[in-house]
Amino acid sequence: SVLGTFNGMIIGGSRMPYNLASHQMIPAYQKVARIHPKFNISISSVWISYIIAVIWLFLHYLTQKYPALAGNDLSEIVVVTTYILYLILYVKVILLTKKNHIKMKNKIWQGYCVPILAIIGASFILIIGMQNPFFWIDNLYAILLVILALYSYHSIKKSNLSINHK
């Protein structure tokens, strides 16, 4: 259900902004990484997660309210976008395994075979999801968000390097 997904996005999704902030990978990471002493969580991270969930809830409302958006399944967009990000993750696991940055018992199986099988499975879901005529329009936001995130990450990294060298 939409409300169940909404709840999960707020509760489960609140960990991602905190994790990114703790690794200095998002703007305003100092504020987002701050843990509230009483609640033992990042309040800023919860707010970020809440705002993202409200945006998704609003988009769902629009798809249900206006017939021009009929046939546009938001859950499919989220699933396909997630699998695009998983593909990046699986490739990164292979690259980190190749550089010996990941320690595991069975390097060939866990570091190469499993990610390759995951890439194949994710590719099937991605190909099926791309059959939706709204796929490219709906995922334009994701492409723009990734570009913005990469720009922000490199700007923060560059500013941290210049601060450390002074």
Side-chain angles (χ1 to χ4, degrees), residues 1-27 29 32 45 48-157:
S1 77
V2 173
L3 292 178
T5 303
F6 183 70
N7 183 40
M9 285 181 70
I10 295 170
I11 294 172
S14 66
R15 294 184 178 127
M16 183 56 71
Y18 169 75
N19 191 337
L20 292 172
S22 68
H23 290 92
Q24 301 178 357
M25 296 176 74
I26 59 173
Y29 62 86
V32 178
S45 183
I48 291 169
S49 176
Y50 175 74
I51 290 167
I52 292 170
V54 167
I55 290 169
W56 277 111
L57 189 62
F58 178 70
L59 290 173
H60 173 72
Y61 169 77
L62 291 177
T63 61
Q64 300 304 306
K65 178 78 174 164
Y66 298 104
L69 300 172
N72 194 348
D73 184 5
L74 287 180
S75 63
E76 185 177 311
I77 298 165
V78 173
V79 169
V80 172
T81 303
T82 301
Y83 275 92
I84 290 170
L85 298 173
Y86 283 159
L87 285 170
I88 296 168
L89 175 70
Y90 302 146
V91 169
K92 190 66 176 176
V93 168
I94 292 170
L95 294 174
L96 289 173
T97 300
K98 187 176 181 180
K99 293 179 181 179
N100 287 323
H101 288 285
I102 299 178
K103 306 296 181 207
M104 55 192 74
K105 292 180 181 179
N106 189 337
K107 183 177 176 179
I108 300 294
W109 176 251
Q110 293 173 317
Y112 295 106
C113 294
V114 170
I116 289 170
L117 291 172
I119 287 170
I120 293 168
S123 297
F124 283 124
I125 292 173
L126 184 59
I127 291 167
I128 291 167
M130 290 169 72
Q131 304 305 312
N132 183 333
F134 289 100
F135 174 80
W136 294 107
I137 296 168
D138 292 333
N139 278 295
L140 179 62
Y141 82 91
I143 294 166
L144 294 174
L145 191 61
V146 167
I147 291 169
L148 178 65
L150 289 171
Y151 174 77
S152 298
Y153 174 73
H154 288 294
S155 296
I156 291 169
K157 191 174 178 180

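Remember, predicted model here, so these are calculated numbers, not experimental data.
Separation of atoms OG (S123) and CG (L87) is listed at 5.0 Å; rounding is to 0.5 Å. A distance of 12.0 Å separates CG of L89 from OH of Y83, quoted to the nearest 0.5 Å.
The main-chain N or O of Y151 is found under 3.5 Å from a side-chain atom of S155 such that the two form a donor-acceptor pair.
I102 is not listed as a side-chain neighbour of Q110, based on a closest heavy-atom distance of 4.5 Å or more.
Applying the side chain to side chain donor-acceptor pair (under 3.5 Å) test to K98 and every residue at least two apart in sequence or in another chain returns nothing. Partners of H154 according to the side chain to side chain donor-acceptor pair (under 3.5 Å) rule, which considers only residues two or more places apart in sequence or in another chain, do not exist here.
Dense packing is recorded around OH of Y90, with more than 12 heavy atoms of other residues, nucleotides or ligands lying under 6.0 Å away. Within a 6.0 Å radius of CE in M104, other residues, nucleotides and ligands contribute more than 12 heavy atoms. Environment of OH in Y86: sparse, with no more than 12 heavy atoms of neighbouring residues, nucleotides or ligands closer than 6.0 Å.
Between P17 and V32, the shortest heavy-atom distance links the atoms O-CG1, 3.5 Å. In terms of heavy-atom proximity, S49 sits nearest to S14 at OG-N, 3.3 Å. Between K107 and T97, the shortest heavy-atom distance links the atoms CE-O, 3.4 Å. Across all non-hydrogen atoms, the minimal contact from S45 to Y18 is OG-N, 3.1 Å.
A side-chain contact (heavy atoms from CB on, under 4.5 Å) with K92 is found for one member of L96, I88, I94 and no other, namely L96.
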